[in-house]
Each structure stands twice: as C-alpha cells, then as structure tokens.
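Below is one structure; the comments refer to it alone.
Chain naming here is simple, since letters A, B, ... match the order of the sequence lines and numbering starts at 1 in each.
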Amino acid sequence: MEQDRKQEMVESRKKVRVRIAPSPTGDPHVGTAYVGLINYVFARQRGGKFVLRIEDTDQLRSRPEYEEAILKSLRWLGLNWDEGPDVGGPYKPYRQSERKEIYQKYAGALLKDDRAYSCFCTPERLNQMRSEQISRKETPGYDGLCRGIGQKEAEKRISSGEPAVVRLRIPRPGETVLSDRIRDEIRFDHSNIDDQVLLKSDGMPTYHLANVVDDHLMEITHVIRAEEWINSTPKHLILYRALGWEPPEFIHLPLLRNRDGSKISKRKNPVSLDYYREMGFLPEAMLNFLGMLGWAMPDEREVFSLEDMIAHFSFERISPAGPVFDLEKLKWLNGNYIRELSDQELLRRIREQVFPEERMNSVVPLVRERLEMLSQYLDVADFFFLGDIRPDLQDLIPKKKDAREAADILGQCQETLESLVSWKTDKIEETLRKLCEEKGYKTRDLFMTLRVAVTGKRATPPLCESMEVVGKAITMARIGRAIAALESAPK
RNA sequence: GGUCCCAUGGUCUAGUGGUUAGGACGCUGGCCUCUCAAGCCGGUAACACGGGUUCGAAUCCCGUUGGGACCGCCA
C-alpha cells in the first residue's frame, strides 16, 4: 500500500509514455489490439503518450503490406497513437529497420565493455547442438563456445570476413528479479538464462536489443506487453544494466486463449482484425469486449465505453489468468451496440462495413454478364456480403471422392493461401494452380470444392477474382468452417 | 526435459478472513407476440485437491494435480 503510493507519486511526476510494438509479419492480430487497448487506456488515463513502433527487424518476414494493414486496423478500432511511423514524432524514426545504425552503435559499446561478445558459430552448428541437447533431455541453450574469444582475435576474424553475431554475456552466477505489476516479484537464476544474440549476422538487431534500446531512447516508462515475454525479461533487465540505463516498469498482460486453453491462434480461432471488421463487428463492441477480458469495471458493468474504461482502469484489477476469447459473448455485446445505434447511424455502419464503396465497385464487373434482371443481383452476389455461408456438404465433395479427400484439399488450400502476403487474383490463381500440380489434384476438383467452400454455390463468377473481393480473412474463415463441416460429416 | 506464469459454473468475471458465493454470456422453462429477434420473469451450473495458519477460509502459507507460456541469427 505504502509502496503503491510511493510508486504513484514517482509516476505522476514522470510523464507516462507507453508503446505498442507490432511486428509486420502477419495479418493484424486481435492480440495486438488487446495489448494496444490496455496501453492506450493507461496512456490516456495518465495524460501520457501512446507510441506506435514497428518492429520490422526480421528482414525475411516483414512486409510493408502487413504494416499498412496493422495501422489500418488499429485506426479502425480508434486506438489512435500520438507518435508513429505515419504521424512522426520527436523520437523518430519509429520503424526499427530505419534505426539500424543506432543498434549497431550500442552493440559496439557492449562489445567494448565486454558485456557482450562476438560469436562465430554457424547456424548449422547451433542447430546440431540444439538437437543433441534435446535428445539428451537437456535445456537447449548456447554452449558458450565463443564466450572466451578475446576482443583482439574476434576483431581479426571479423575483418577477415568471417560472419559473426553479437551475444549478450549473461553474468554468472547471478540472479535477476523482475517486479511485475500484475504478478509481483519473479526471480530468475542466471544459470537458466541463455547468452542471447543481440545483433544478427545481417547487421540487424534482434528483438531483445532493439526493444531495449528503443524503449530507453524513446523514454518509455511502462512496458505493457503479453505474458509470453516474461521469460525473456531478465535478459532485457540485464541489458539495461549493462548499458547503464534505468529500466522501465514491466507489466505482463495475460495471453488470450483458444477454447482449449492454448494461446490464441489462427488454426483455432479467427484472429485477424480484418475478419472482425468484415464480419460486421463494431469497433466499440470489440474494444468493450477486449476490455472485459482479464479486467472488469469496479461496478461490474458489462457494457462500457472506452471513456468509462479510461476513467476506471487500474492494473490492480487485471487478473493474471489467461481469458478465453469467447465469440458468443462478443456477438451478444455487438448486438447490444447495434441496437443502440439510430437507424441512420446503423445504415451508415452497414454501408461502411458490409457494402464499402470499394467492394461494391469490384462486384459489379464480376456479376454483370450473369444478370438478366437487376433483381437477380443479390441472388448472384450474396456471398460477397455474407459473413458465414452454409455450403451444401455434398457440393463440397468432388465426384468419385469422399469427405476426407475434400477436407484434405481444403486443408492444403488453407495452408498455402494463409501465407499469401498479397491477396490478389493472379497471386491466388498462381498459388492454387501450383498446388494442384504439386499435390496432383485435378484443377477441376480443387476449384469446385474451394468454390463451394468460399461462395456456397456451384456457379459463381471466376473464383480467384471472387476470393480477392471477398477478402482473405473471410475466405480463410469459410475454408476453415467447410473443413470442420466435412470432418464432422457422417461417413 | 528446464525455467516461469496461472487456477471461482462450459465461457467472461465480482469477491481481498465471517456472503444463502453475486453478475454476464451460453443453454433451458415461461411471459409478451402474426413469426423471429429484442425485452421481461425463472431454472441449470463453480471456489481443482490435500495439508497447514486462524475462533472462522474462495480469500493467507506449503504441497499435489491440472492448464499455459517460453527455451531461434522470430517477434
């Protein structure tokens, strides 16, 4: 109590700065929205700043398309940031790939102080080491082979062109204590902490380095992130110490879960924010729902606005157990919000979310030659605007095949389409044709099964064009539902 | 396997040593009603287990069990 009061005093003196740091390596995720919401609410409550930083240090997987989609989704939800790659700010740039030199500078300083060391182990060696450790039932971790290489020798090897990474030298023996607002003290013995790679051989920092350097430089006061980071926090704390910096406060939020209790994932739940927008969930309902996961209003009100949340939020009321993301309750809440809308406003929302101008324009050329009367429009084009469709099970199964095979085909489609970065007709078609070739499916079988799964019909405008307009999120959800239907089909 | 986190109905939660353990979603019975939805009234169902501490534990401590996360030149 006394402690809390002191904490409050210190915090009120220092202006609060929090951040959300999504990685543009996939579709906009509900988890990002959840963490974003808590950060946003806390910042607004304290009159602080909410920063958006893009963590795109993974050159292999980061995509500008994803960054754009993430920004769009967060904006849709109304989680507006004060500083970010698009709006700028006093601590720019806010995209880590543009801050490469900064990290290199600090990695160099760490090296010089012997707080870090160069490591020349090849990925092959590391992989082999890891699998040996696992087969011996040991904890996988770096074996420290390069830990003893002197700075002189390391420099020589580097200048001769040998690829190297920089690893953090974890002081051993030792112990690091993390004070987490939601879970109290967590202690870590250094013997269990790995010598983490800080700088990759491509010169990019890993998350661990970039995150610590940026949070310090951007004067972040509270790192509010998901629970999955708890185990790497001691590394971050050690890094702060090694750099001579005061660490921010850490608050680890519970992880959103699937029905079975595992971390929320796209195989078991719709996780794309695009899905929720396109299915017609209202942003205020989404926020309200996310707000009641792990947190409750002091008076237990279930329906509350962002403003209500800002007025009453506190970390003390966050329960540390991971909540299941329950679509049923979201739907109920969404219905509540819909009923509160005026007719005019509801119409506006329907136009915006189910009949957006862009989509209407894309549908017309696809259906025009299939119309004899305008009144047939909805009959032909229904699936562009529906959320869930109910395909006939028999239609899903190609001639002379069974449910099992149809499910397999759709499973393959699901897997390969999921990884598509650019959801465009030609990319979709190319992917599907390649899949037919590789797996030996008849083009006809695959396209018909997929057509029925995605549109609910046997006769439609060209499939790939249609899929583009339906959108990735809804398409993927429909494929998933069709697979589930096939799998639970009576034999 | 190691480290760490967690534990109130199927789900989201209230509860901070003394309550008939409350609310919400879902499911369900009824009312209303041309139907459905909404709304209203009712029902179903929980403190994982075992030890302590205490006059008294859902609440505090320990253990067990169960669940989860992390263990990458991903974030």
- Show the numbers, then the answer: is there a side chain to side chain contact (heavy atoms under 4.5 Å, CB included) between A:L110 and A:V166? CA-CA 9 Å; A:L110 253 10; A:V166 175; 5.6 Å; no
Partners of [X] by side chain to side chain donor-acceptor pair (under 3.5 Å), sequence neighbours excluded?
X      : result
A:N39  : none
A:E340 : none
A:S232 : none
A:K472 : A:D27

Only pairs at least two apart or in different chains count here, so list each ring-ring contact (aromatic ring centres under 6.0 Å, His included) that has a residue in [range].
range                       : answer
residues 181-212 of chain A : A:Y207-A:W229, A:Y207-A:H236, A:H208-A:H236
residues 263-299 of chain A : A:Y276-A:F281, A:Y276-A:F325, A:F289-A:F325, A:W295-A:F304, A:W295-A:F313
residues 84-109 of chain A  : A:Y106-A:W245

- Reading nucleotides 37-42 of chain B from 5' to 3' and marking B where a protein heavy atom lies under 4.0 Å of the base, S where only the sugar-phosphate is that close, and - otherwise, the string is -SS---
- Query: Within the structure, does a side-chain N or O atom of A:K263 lie under 4.0 Å from either OP1 or OP2 of B:C70?
  - Reply: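 A:K263 to B:C70 OP1/OP2: side-chain N or O found under 4.0 Å.
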Between [N] ([atom2]) and [X] ([atom1]): distance, integer Å:
X      : N     : atom1 : atom2 : answer
A:H252 : B:C70 : NE2   : P     : 13 Å
A:L256 : B:A69 : CG    : P     : 13 Å
A:L255 : B:G67 : CG    : P     : 17 Å
A:I170 : B:C71 : CD1   : C1'   : 13 Å
A:I193 : B:C70 : CD1   : P     : 17 Å
A:I318 : B:C6  : CD1   : P     : 14 Å
A:R225 : B:A69 : CZ    : P     : 18 Å

- Message: Are there over 12 heavy-atom neighbours, none belonging to A:R267, within less than 6.0 Å of that residue's CZ?
- Response: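 It does not: A:R267 CZ has 12 such atoms or fewer within range.
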- Item | Worked check of salt bridge (charged side-chain N to carboxylate O under 4.0 Å, His left out) between A:D308 and A:R301 | CA-CA 10 Å; A:D308 294 333; A:R301 232 181 314 162; 3.4 Å; yes
- Flag for A:S73-A:H29: side-chain donor and acceptor within less than 3.5 Å: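 No donor-acceptor contact under 3.5 Å links the two side chains.
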- Message: Side chains of A:R95 and A:S62 only: does a donor on one sit below 3.5 Å from an acceptor on the other?
- Response: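 Distance-only check fails for A:R95 and A:S62.
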Could you go over nucleotides 10-15 of chain B and give all protein N or O partners under 3.5 Å, atom names and distances?
unit_1	atom_1	unit_2	atom_2	d
B:C12	OP1	A:V324	N	2.9
B:C12	O2'	A:M292	O	2.8
B:C12	O2	A:K329	NZ	3.1
B:U13	OP1	A:G294	N	2.1
B:A14	O4'	A:E300	OE1	3.4
B:G15	OP1	A:R317	NH1	3.4

- Message: Checking A:Y377 now: which residues fulfil ring pair (Phe, Tyr, Trp, His ring centres under 6.0 Å) with it, not counting sequence neighbours?
- Response: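 Scan of A:Y377 (ring pair (Phe, Tyr, Trp, His ring centres under 6.0 Å), adjacent residues dropped) gives none.
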- Taking the six-membered ring for Trp, are A:Y40 and A:F50 parallel (under 30°), tilted (30 to 60°) or perpendicular (over 60°)?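 Perpendicular.
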Identify all pairs in which a protein N or O lies below 3.5 Å from an N or O of nucleotides 73-75 of chain B, and state each distance.
unit_1	atom_1	unit_2	atom_2	d
B:C73	OP1	A:R130	NH2	3.2
B:C73	O2	A:S201	N	2.7
B:C73	O2	A:S201	OG	2.8
B:C73	N3	A:S201	OG	3.0
B:C73	N4	A:C121	O	3.2
B:C74	OP2	A:K200	NZ	2.5
B:C74	O2'	A:D58	OD2	2.8
B:C74	O2'	A:R61	NH2	2.9
B:C74	O2	A:R61	NH2	3.1
B:A75	OP1	A:T57	OG1	2.6
B:A75	OP1	A:K200	NZ	2.9
B:A75	OP2	A:Y207	N	3.0
B:A75	O3'	A:E55	OE1	3.2

What pairs of nitrogen or oxygen atoms, one from the protein and one from nucleotides 1-5 of chain B, lie under 3.5 Å apart?
unit_1	atom_1	unit_2	atom_2	d
B:G1	O2'	A:K137	O	3.1
B:G2	O4'	A:T139	OG1	3.2
B:C4	O4'	A:N231	OD1	3.4
B:C5	O2'	A:R183	NH1	2.8
B:C5	O2'	A:E227	OE2	3.1

- Same-atom distance (P) from B:C25 to B:C61, integer angstrom: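 So the two P atoms sit 34 Å from each other.
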